[in-house]
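These values consider heavy atoms only, across backbone and side chains, with no hydrogens, waters or symmetry-generated copies.
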Protein chains: 2
Amino acid sequence: MVQAEKAEKQGSRAGAREDLERAIIDAAERVFAEAGFGGATMQAIADRCGLPKANLHYYFASKQQLYRRVVERIFHVWLEAADSFESSATPEVALRRYITRKMELSRTHRFGSKVWANEVMHGAPIIQDFLETTLRDWTESRARVIRRWIAAGSVRPVDPHWLLYMIWATTQHYADFAHQIETLNQGPLTDAQWDEATDTVCAIILRGIGLEGKA
Amino acid sequence: MVQAEKAEKQGSRAGAREDLERAIIDAAERVFAEAGFGGATMQAIADRCGLPKANLHYYFASKQQLYRRVVERIFHVWLEAADSFESSATPEVALRRYITRKMELSRTHRFGSKVWANEVMHGAPIIQDFLETTLRDWTESRARVIRRWIAAGSVRPVDPHWLLYMIWATTQHYADFAHQIETLNQGPLTDAQWDEATDTVCAIILRGIGLEGKA
DNA sequence: AATGATCTTGACTGAATGGTCAAGTCTGCT
DNA sequence: AGCAGACTTGACCATTCAGTCAAGATCATT
């Protein structure tokens with residue numbers, strides 16, 4: 001068996017290693033989200049995934065390296081989520097899909113979103129390079145698409161950046177400020193409430209840029 | 001001179017004390033915003049306001065107590081900002097004023113906003129009581145106003161909560177994610193950009209809830 | 001000027017924490 | 001079976017940090 005085949009086979013050493021690393025990253029994501037980088041301790045992460053602390057350091061050289069992996073992971077989830085943005089037939093469908101997808105991610109990836117927010121709020125000390133390269137490229141490419149829509153007259157003229165920020169802010173708010181929302185709501189949002197919130201966000205934004213009723 | 005008069009007179013001991021406390025809170029706000037509660041150190045705060053660390057502990061018993069004061073301060077700034085909400089003649093003016101004011105606060109109170117975001121993201125361990133009392137009351141009172149507008153037919157029917165969350169999220173994003181925005185913008189927003197962003201946010205939201213052109 | 005209260009500060013302490021290490025255990029291969 | 005490399009882990013260390021303290025400086029009042 002060559003190396004590549006070994007690596008693919010689940011249950012093998014390589015597969016087990018991947019599973020373990022993922023379990024550690026899962027635990028770390030949660031702990032970092034709940035305590036921030038400074039407040040999180042390797043011990044807490046170790047406890048959460050039932051491993052001795054020294055074991056974490058076998059897989060991840062340092063706290064910072066583990067943290068970087070966590071941030072990278074959520075960053076890539078964001079990016080993939082945005083693919084539906086371009087592959088849609090009309091601006092209405094594209095935006096509605098994108099917003100809906102981002103709301104789903106806020107629900108399913110609450111902790112990752114928080115870690116990302118934390119990192120950016122603290123000046124992105126770890127992933128500044130991503131902001132300057134991948135995120136900038138991604139943003140400008142979507143901005144161009146939006147400008148095309150505007151030029152075609154489907155969307156009212158706005159600077160695409162302010163629109164994108166609004167979408168990011170609003171959708172991520174449901175993850176990052178989930179605690180506040182749940183306090184005001186006297187409990188977690190129900191399925192129906194998530195749907196309603198998503199519909200409302202779509203409706204306000206689409207209508208706000210002149211797409212009401214066209215979707 | 002009785003105690004009350006002493007306390008009022010600036011330059012007196014009481015006045016100097018207030019000044020110092022404010023200076024410490026200013027420094028703390030910045031350091032907490034930049035490093036999070038766990039990452040902030042009393043030494044860093046002391047350095048920033050040029051005081052020996054031991055002195056901070058003379059004015060504030062613990063790091064947590066100092067932190068609480070910081071969070072309380074920004075919280076009250078938020079609340080005051082919202083007064084213009086009710087005192088306006090029409091929904092358009094009220095909302096436009098409120099959004100504009102919140103955008104200004106995101107520009108002038110960037111650090112406070114970040115500390116607040118941090119606190120809420122981590123489950124509001126310190127100010128949970130505020131969320132459950134003051135913030136809930138405030139929110140429900142504004143929600144009632146919005147429902148009245150809806151009943152009067154000025155605003156399209158939406159659950160007021162989703163609308164408020166959208167306003168909070170979008171405006172605070174300009175403070176909390178300032179670093180990301182500035183990276184994408186290749187520099188701080190200019191005065192003109194702030195105005196444009198504010199106008200765009202107002203326009204999308206107002207139009208989104210059926211108030212376009214009425215303001 | 002004397003006095004008592006308020007304020008200042010360098011030095012210290014105890015606890016927590018990231019990271020290391022060396023002595024083990026397990027796994028898959030021949 | 002036996003071996004080599006991968007993995008596990010309890011104990012340990014160096015550092016950092018919140019908070020303390022006691023000796024001294026400063027200030028308002030008489």
Inset, instruction - Indicate, with a heavy-atom threshold strictly under 4.0 Å, whether B/Phe60 touches base, sugar-phosphate, or nothing. - result: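 Answer is nothing: B/Phe60 stays at 4.0 Å or more from every strand.
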
Inset, instruction - Kindly say if B/Tyr58 contacts the phosphate of C/dC7, meaning a side-chain N or O under 4.0 Å from OP1 or OP2. - result: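 Answer is yes, contact under 4.0 Å.
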
Inset, instruction - Considering just the side-chain nitrogens and oxygens of A/Arg17, establish if one lies under 4.0 Å of OP1 or OP2 belonging to D/dA6. - result: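 For A/Arg17, the contact criterion (side-chain N or O under 4.0 Å from OP1 or OP2 of D/dA6) is not met.
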
Could you state the atom-to-atom distance from [atom1] of [X] to [atom2] of [N] in whole Å?
X: A/Ile45; N: C/dG19; atom1: CD1; atom2: C1'; answer: 13 Å
X: B/Asn55; N: C/dG10; atom1: CG; atom2: C1'; answer: 12 Å
X: B/Asp47; N: C/dT9; atom1: CG; atom2: P; answer: 13 Å
X: A/Glu18; N: D/dA6; atom1: CD; atom2: P; answer: 16 Å
X: A/Tyr59; N: D/dT9; atom1: OH; atom2: C1'; answer: 12 Å

Legend entry - Close aromatic pair by centroid cut-off 6.0 Å: A/Tyr165 and A/Trp168: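 Ring centres of A/Trp168 and A/Tyr165 closer than 6.0 Å.
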
Inset, instruction - Please check if any side-chain donor atom of A/Gln172 sits under 3.5 Å from a side-chain acceptor atom of B/His173, or the reverse. - result: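 No.
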
Legend entry - Nucleotide-resolved protein contact map, nucleotides 11-25 of chain D, B/S/- at heavy-atom distance under 4.0 Å: ------SBBBB----

Inset, instruction - In plain terms, say whether B/Asp191 and B/Arg107 are close enough for a salt bridge, that is, a side-chain N and a carboxylate O under 4.0 Å apart. - result: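 Counted as a salt bridge, because a side-chain N and a carboxylate O are separated by less than 4.0 Å.
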
Ignoring hydrogens and angles, write down the donor-acceptor pairs under 3.5 Å from the side chains of residues 42-61 of chain A, residues two or more places apart or on other chains.
from: A/Gln43; atom 1: NE2; to: A/Asp47; atom 2: OD1; distance (Å): 3.0

Inset, instruction - For B/Ile167 and B/Tyr98, work out which heavy atoms get closest and say how close. - result: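 For B/Ile167 and B/Tyr98, the tightest heavy-atom pair comes out as CG2-CE2, 3.8 Å.
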
Inset, instruction - Could you grab the distance from atom CZ of B/Arg136 to atom CD of A/Gln186, nearest 0.5 Å is fine? - result: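 Between atom CZ of B/Arg136 and atom CD of A/Gln186 there are 4.0 Å.
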
